Participant: 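Okay, here's the structure, questions in a sec.
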Amino acid sequence: GQKQIYFYHSGTAQLLGLVPFEEGIPYVLKFSRSGATLLAAGGHGAKQGRAVLYDVKSGKRLTAVGEELDAVLAADIHASQTRVALGGPEKILRVYATADGSQLHQIRKHTDWVLAVEYSPDGVLLASGDRSGGLFVWEADSMNEYQTLDGHKGAITAVSWRPDSNVLASASEDGTIRLWEMNDGKQIRNIRAHDGGALAVEFLHDGRLVSAGRDRKVKLWAADGKMLREFGPMAD
């Protein structure tokens, strides 16, 4: 919510506590791969943007990185918790060190707002997508371009890595969810997922996928792209 973040127990839905997010609105909430750290990123539109790390057990604010001139709309923390990648309306992908907040990399490849960013579980690669359908994969250490993934005809709204880091899923306003193999960057699945646009996609630990879209539905998919279940439609 506005300037604050709530923690709930996932099993009981009990409210465990809250922490302040003084930077404004947190548009991004992601747990680290270990689950020990929460990354929150956001800010105030056309004013400022930052990413903040919290200790999950204590709620203590660990560090903040980034001095963006607009709100952060996409961010992720590396598996090593040594760096944070973020992007937003400035069209720039930046990587910061968590130790001292220094900027490690600045990538100007995107031609529109950066809306999706995620490190692979093994920490080797970083995927980023933008509002014009640009989708790129970078070598996480050097930030050299690894793959350009062409195919989407609308904004990239979300990306998610399969747990083995070999396949990337991307969701788009063009209504599709696409799966990309990382050895050669080839598309291996094109799922017509949500009429009007796909807004979210996430790999489960067993290789299945869950997605949501503008058709107001949540859908569960098998690894081969077959729909297993459909939830909804929701009210909005």
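From a predicted model like this one, the values you see are computed outputs, not experimental measurements.
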Participant: Check whether His9 reaches the backbone of Gly11 with its side chain - one donor and one acceptor, N or O, closer than 3.5 Å.
Facilitator: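 Indeed, once roles are kept as given, a pair shorter than 3.5 Å links the two residues.
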
Participant: For a quick test of reading the model, state the closest non-hydrogen atom pair linking Val201 to Ala158 and the distance between them.
Facilitator: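 Scanning both residues completely, I find the closest heavy atoms to be N-CB, 3.8 Å.
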
Participant: Say you draw a straight line from NZ of Lys219 to CE of Met227; how long is it, rounded to the nearest 0.5 Å?
Facilitator: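 Those atoms lie 5.5 Å apart.
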
Participant: Report the C-alpha distance between Leu199 and Glu173 in whole Å, list the side-chain angles of each, state the deciding distance to 0.1 Å, and finish with yes or no for side-chain contact (heavy atoms from CB on, under 4.5 Å).
Facilitator: CA-CA 7 Å; Leu199 298 179; Glu173 289 279 12; 3.8 Å; yes

Participant: Is Lys217 salt-bridged to Asp215, going by a charged N under 4.0 Å from an acidic O?
Facilitator: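 Salt bridge flag = no for Asp215 with Lys217.
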
Participant: For Pro121, check side chain to side chain contact (heavy atoms under 4.5 Å, CB included) against everything at least two apart and list the hits.
Facilitator: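 Expected list: Arg33, Trp161, Ser165.
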
Participant: Is it true that Arg162 and Asp164 make a salt bridge, defined as a side-chain N closer than 4.0 Å to a carboxylate O?
Facilitator: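 Salt bridge flag = yes for Asp164 with Arg162.
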
Participant: Between Thr37 (side chain) and Asp55 (backbone), is there a donor-acceptor pair under 3.5 Å?
Facilitator: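 Not a single qualifying donor-acceptor pair exists.
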
Participant: What distance separates Thr98 OG1 from Leu39 CG, expressed to the nearest 0.5 Å?
Facilitator: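 If we round to the nearest 0.5 Å, Thr98:OG1 and Leu39:CG are 10.5 Å apart.
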
Participant: Can you name the nearest heavy-atom pair linking Val117 to Ala85, along with the distance?
Facilitator: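 Closest pair (atom of Val117, atom of Ala85, distance): CG1-CB, 3.9 Å.
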
Participant: What heavy-atom pair brings Glu68 and Tyr96 nearest, and what distance separates the two atoms?
Facilitator: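 Nearest heavy atoms, Glu68 then Tyr96: OE2-OH, 2.9 Å.
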
Participant: Using a 3.5 Å distance criterion without hydrogens, assess whether the side chain of Glu145 forms a donor-acceptor pair with backbone atoms of Phe136.
Facilitator: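 Not confirmed, Glu145 side chain does not pair with Phe136 backbone.
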
Participant: Are Leu62 and Leu38 connected, step by step, through hydrophobic side chains (Ile, Leu, Val, Met, Phe, Trp, Tyr) whose heavy atoms are closer than 4.5 Å?
Facilitator: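 No, Leu62 does not connect to Leu38 through the hydrophobic network.
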
Participant: Run the salt bridge (Lys or Arg N to Asp or Glu O under 4.0 Å) test on Arg208 and Asp206 for me, step by step, so that the C-alpha distance in whole Å, both residues' side-chain angles and the decisive distance to 0.1 Å come before the verdict.
Facilitator: CA-CA 6 Å; Arg208 293 179 299 165; Asp206 60 8; 2.8 Å; yes

Participant: One pair to check against side-chain hydrogen bond (donor to acceptor under 3.5 Å, both in side chains): Asp130 and Ser132. What are the steps and the verdict?
Facilitator: CA-CA 6 Å; Asp130 65 40; Ser132 291; 4.6 Å; no

Participant: Group every Ile, Leu, Val, Met, Phe, Trp and Tyr by side-chain heavy-atom contacts under 4.5 Å, then state whether Val167 and Ile191 land in the same group.
Facilitator: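 Shared cluster, yes.
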
Participant: Nearest heavy-atom pair of Ile5 and Ala40: which atoms, and what distance?
Facilitator: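 Distance-wise, the nearest heavy atoms are CD1-CB, 3.5 Å.
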
Participant: Should Gln2 and Ile25 count as side-chain neighbours, where that means a heavy-atom distance under 4.5 Å?
Facilitator: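 Answer yes - side chains close enough.
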
Participant: Rounded at 0.5 Å granularity, tell me how far OG in Ser160 sits from CD1 in Ile177.
Facilitator: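 One finds 10.0 Å between OG of Ser160 and CD1 of Ile177.
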
Participant: For the pair Leu168 and Met182, evaluate side-chain contact (heavy atoms from CB on, under 4.5 Å) and give the outcome as yes or no after the intermediate values.
Facilitator: CA-CA 7 Å; Leu168 178 72; Met182 280 300 105; 4.1 Å; yes

Participant: Looking at every heavy atom in both Ala140 and Arg83, which two are closest together, and how far apart are they?
Facilitator: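 Looks like O-NH1, 3.1 Å.
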
Participant: Check whether any side-chain heavy atom of His105 sits under 4.5 Å from a side-chain heavy atom of Trp138, and report yes or no.
Facilitator: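 Heavy-atom side-chain distance check fails, nothing below 4.5 Å.
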
Participant: If you round to the nearest 0.5 Å, how far is CD1 of Ile107 from OG of Ser128?
Facilitator: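 The distance works out to 8.5 Å.
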
Participant: Quick one: CG on Asp174 to OG1 on Thr157, what's the gap to the nearest 0.5 Å?
Facilitator: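 Reported to 0.5 Å precision, the distance equals 8.5 Å.
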
Participant: Only counting residues at least two apart or in another chain, list the ones meeting ring pair (Phe, Tyr, Trp, His ring centres under 6.0 Å) with Tyr119.
Facilitator: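 His78.
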
Participant: Any donor-acceptor pair under 3.5 Å linking the side chain of Glu181 with the backbone of Asn183?
Facilitator: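 At least one qualifying donor-acceptor pair exists.
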
Participant: Could you measure the distance from the CG atom of Asn190 to the OG1 atom of Thr176? Nearest 0.5 Å is fine.
Facilitator: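 That separation rounds to 5.0 Å.
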
Participant: When the side chains of residues 41-50 are checked against the rest of the protein, which donor-acceptor pairs come out under 3.5 Å, sequence neighbours left out?
Facilitator:
residue	atom	partner	partner atom	Å
Gln48	NE2	Glu23	O	3.1
Arg50	NE	Gly66	O	3.0
Arg50	NH2	Glu67	OE2	3.4

Participant: Hydrophobic clustering (ILVMFWY, side-chain heavy atoms < 4.5 Å, transitive) - are Val124 and Trp180 grouped together?
Facilitator: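 Cluster IDs for Trp180 and Val124 match.
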
Participant: If I compare all heavy atoms of Lys186 with all of Asp184, which pair ends up nearest, and what's the gap?
Facilitator: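 Between these two residues, the closest heavy atoms are N-OD1, 3.1 Å.
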
